[in-house]
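Index from 1, following the sequence.
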Amino acid sequence: MATDGLADPCLAPHPDSAIRLASAMHRFPCPELIPGDLSFERSFKTAGGHPTTRALTSQADEARISLSRALSAKGAKVSHQSIVSAAQQYNPLIHQILLSCKVQPESARLDQRLVFEWKSGMEKDDKEKKSFKSEALMYELVMSISCEGMGRAGKACEDSIAGDFASASRELKQAAGVMAFLAEDHLPQWIARGNNVEEKALPSEASIGVCDSFKTLLLALGQQMAVATVLVKKSVPNYTLLAKLSLGIAEYMDLFLSTLRSEASLQMSRIDPTFFSLLAFQVSLQRGLSYYFLARNSWAEKDYGVAISMMKEATPYLRSRSSATAAKGLPPLDSRSGLKALKDDVDELRSHMGALLNAYETDNKKVFFDKVPDSVPENKNLSCGLMMMKAEEYKLEEVEPAPLQVGPAGGTGKPPTPGEDADRELARQLQEQMDLEEARGAGSSTSRSSSMSSPPAPSYDTLMSRPPVPVPVPDVGRPPVPGVDRPPVPGSTQRQKSDEELARELQNKLNCGFDG
């Protein structure tokens, strides 16, 4: 309690270190594009003689060069916004080339091979890190889309450092949408339809399991930014809501790790180990913050004994681990650790929590005399956290196939590799149906010019209206998500509804560009 006009130590505000730690995230580099001697314009010189196709291949070459330049920047020169913009410019162009080859396989002949080469940005950077090559146009599209997603995650990291947590949260939701699109739509189609498509021969960004797990991780990081948005306010926050959000972050990070282990164990071994140290740090920190916020709420509600018990429960999560397998505690923060930059903030937060616990115990012994339970009562604890973040839907821009034509010599090279043999079969079936329909129409017509050139490529809408070839798609479901697939809140229904409404209000503010 306050005495002699001094501020009440039991009401001390959270330190700035809590904001910095709560918003700390790992910045993954984007994939690296190896330019090579690759040119769509040269490769499609014969088949792409139509003016529309020539313009398309020329634009694709220019966009690929722009993306390569944006990705090749190092250190402080890296602009994640430039990477996102370059990928957004390139994606519809490579998508249009891919579609053109799918629907006109007999005319798609290359004058020069297309060999796409990339290095992963997620994988640890050492002498053993290798590049991955493929002639599949789908591979090029997948990696370019991944650049857009990881570029947004990098932009979120920049925004977080600048203190713009609301913008960072929006970027991470969009990045999660990109990963969801790859994991649930694009990659399953490629893997299911393609012959000889093995994930172990591809960068981690082209793995269904990696994309599926990273979608979950990016949502957890987005919620970190939402919590930071609330903590930067000078007013007293809603501690109950923050406790649920922090626990939701920890649970989603646990879900990310279990998904990665079960669905992408091979790729997991390639990923930078520093990232997993920060992940373990955040899981323990967020669980500790959840108890810290609950303790502050209990004290404000005059439940003094429970507040002390909760603060005691929070402190072990902020201590150093007793062993690598310990259930509670932070990884090492010494000079050899990749997390050493966080040590000063951790020390400040530990000191604050210790001083707050001491103030609680002092006031309770002298004034309130409330019984302190040995452990947090079950009815006061949170059964699970709350996840308010949802991935923003990502879609490829709709495009029309560009016309391809067989040259005088009937084409000089081999067909490109879209990476989907089933799509080629579908295109052949569609072409046969169109030839039959044309033949029937010719029988009833009075004349037809003998000099008529090859019919133009069918439109995208025409193709999509025809029944597709059934393709088995593997089940890429996920385990139940705490805080989403079951009621996330202890206590009364009325209290839970109020917290959900507050979470939705916070999410709406973040969506609209407000800072909470």
Side-chain angles (χ1 to χ4, degrees), residues 28-45 47 57 60-72 83 86-87 90-91 93-102 105 108-151 182 186-211 264 266-272 412-421 423-424:
F28 280 104
C30 291
E32 180 183 351
L33 189 159
I34 311 299
D37 184 25
L38 186 151
S39 168
F40 292 107
E41 193 169 15
R42 292 199 305 269
S43 295
F44 285 91
K45 183 178 180 180
T57 55
D61 283 340
E62 293 176 2
R64 192 173 198 269
I65 291 172
S66 295
L67 179 59
S68 177
R69 287 173 178 168
L71 293 170
S72 63
I83 293 172
Y90 184 48
N91 289 342
L93 298 173
I94 186 65
H95 182 207
Q96 189 173 9
I97 293 174
L98 173 62
L99 179 62
S100 302
C101 294
K102 283 182 181 179
R109 292 292 184 270
L110 300 181
D111 297 277
Q112 178 179 309
R113 291 176 63 194
L114 288 170
V115 180
F116 306 105
E117 185 175 3
W118 291 80
K119 284 186 177 181
S120 172
M122 296 179 178
E123 298 174 14
K124 51 192 173 186
D125 194 6
D126 55 25
K127 294 180 180 179
E128 298 179 0
K129 185 174 181 179
K130 64 178 182 178
S131 62
F132 298 85
K133 297 180 181 180
S134 173
E135 295 185 46
L137 290 165
M138 183 69 85
Y139 171 60
E140 177 80 349
L141 181 57
V142 165
M143 295 306 294
S144 182
I145 293 173
S146 177
C147 287
E148 183 175 350
M150 298 310 293
L182 289 174
H186 219 55
L187 283 170
Q189 293 181 38
W190 184 25
I191 301 300
R193 298 180 185 183
N195 292 334
N196 301 320
V197 178
E198 297 185 12
E199 288 191 343
K200 66 181 181 180
L202 298 172
S204 294
E205 290 87 344
S207 161
I208 294 175
V210 169
C211 291
L266 174 64
Q267 289 78 9
M268 183 177 177
S269 64
R270 301 177 187 167
I271 294 176
D272 185 353
T412 59
K414 58 166 288 194
T417 309
E420 300 185 29
D421 292 343
D423 283 332
R424 289 188 176 185

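You'll find the side chain of Arg270 stays beyond 4.5 Å of the side chain of Ser120, heavy atoms only. Within the 4.5 Å cutoff, the side chain of Glu140 has no heavy atoms near those of the Leu114 side chain. Side-chain contact between Leu67 and Met143 is absent, with no heavy atoms from C-beta onward closer than 4.5 Å. With a 4.5 Å cut-off on side-chain heavy atoms, Tyr90 and Ser68 do not count as touching. Put simply, the side chain of Trp118 does not reach to within 4.5 Å of the side chain of Val142, judged on heavy atoms. Under the 4.5 Å side-chain criterion, counting only non-hydrogen atoms from C-beta, Val115 is not in contact with Leu38.
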- Message: Quick one, Asp111 with Phe44, criterion side-chain contact (heavy atoms from CB on, under 4.5 Å). Give me CA distance, side-chain angles, the key distance, then yes/no.
- Response: CA-CA 6 Å; Asp111 297 277; Phe44 285 91; 5.9 Å; no
- Task: For the pair Met138 and Leu98, evaluate side-chain contact (heavy atoms from CB on, under 4.5 Å) and give the outcome as yes or no after the intermediate values.
- Result: CA-CA 7 Å; Met138 183 69 85; Leu98 173 62; 4.1 Å; yes
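Separation of atoms CE (Met268) and OG (Ser207) is listed at 12.5 Å; rounding is to 0.5 Å. In this structure, CG on Leu33 lies 8.0 Å from OG on Ser144, to the nearest 0.5 angstrom. Interatomic distance, Arg64 CZ to Phe40 CZ, rounded to the nearest 0.5 Å: 6.0 Å. One distance of note links NZ of Lys45 with OG of Ser39; it measures 10.5 Å at 0.5 Å rounding. For the atom pair CZ of Phe116 and CD of Glu135, the computed distance is 8.5 Å after rounding to the nearest 0.5 Å.
With sequence neighbours left out, the ring-ring contact (aromatic ring centres under 6.0 Å, His included) criterion links Phe28 to His26, Phe214, Phe275.
Under a 3.5 Å cut-off, the side chain of Glu205 and the backbone N or O of Gly121 do form a donor-acceptor pair.
More than 12 heavy atoms of other residues, nucleotides or ligands sit less than 6.0 Å from atom NZ of Lys119.
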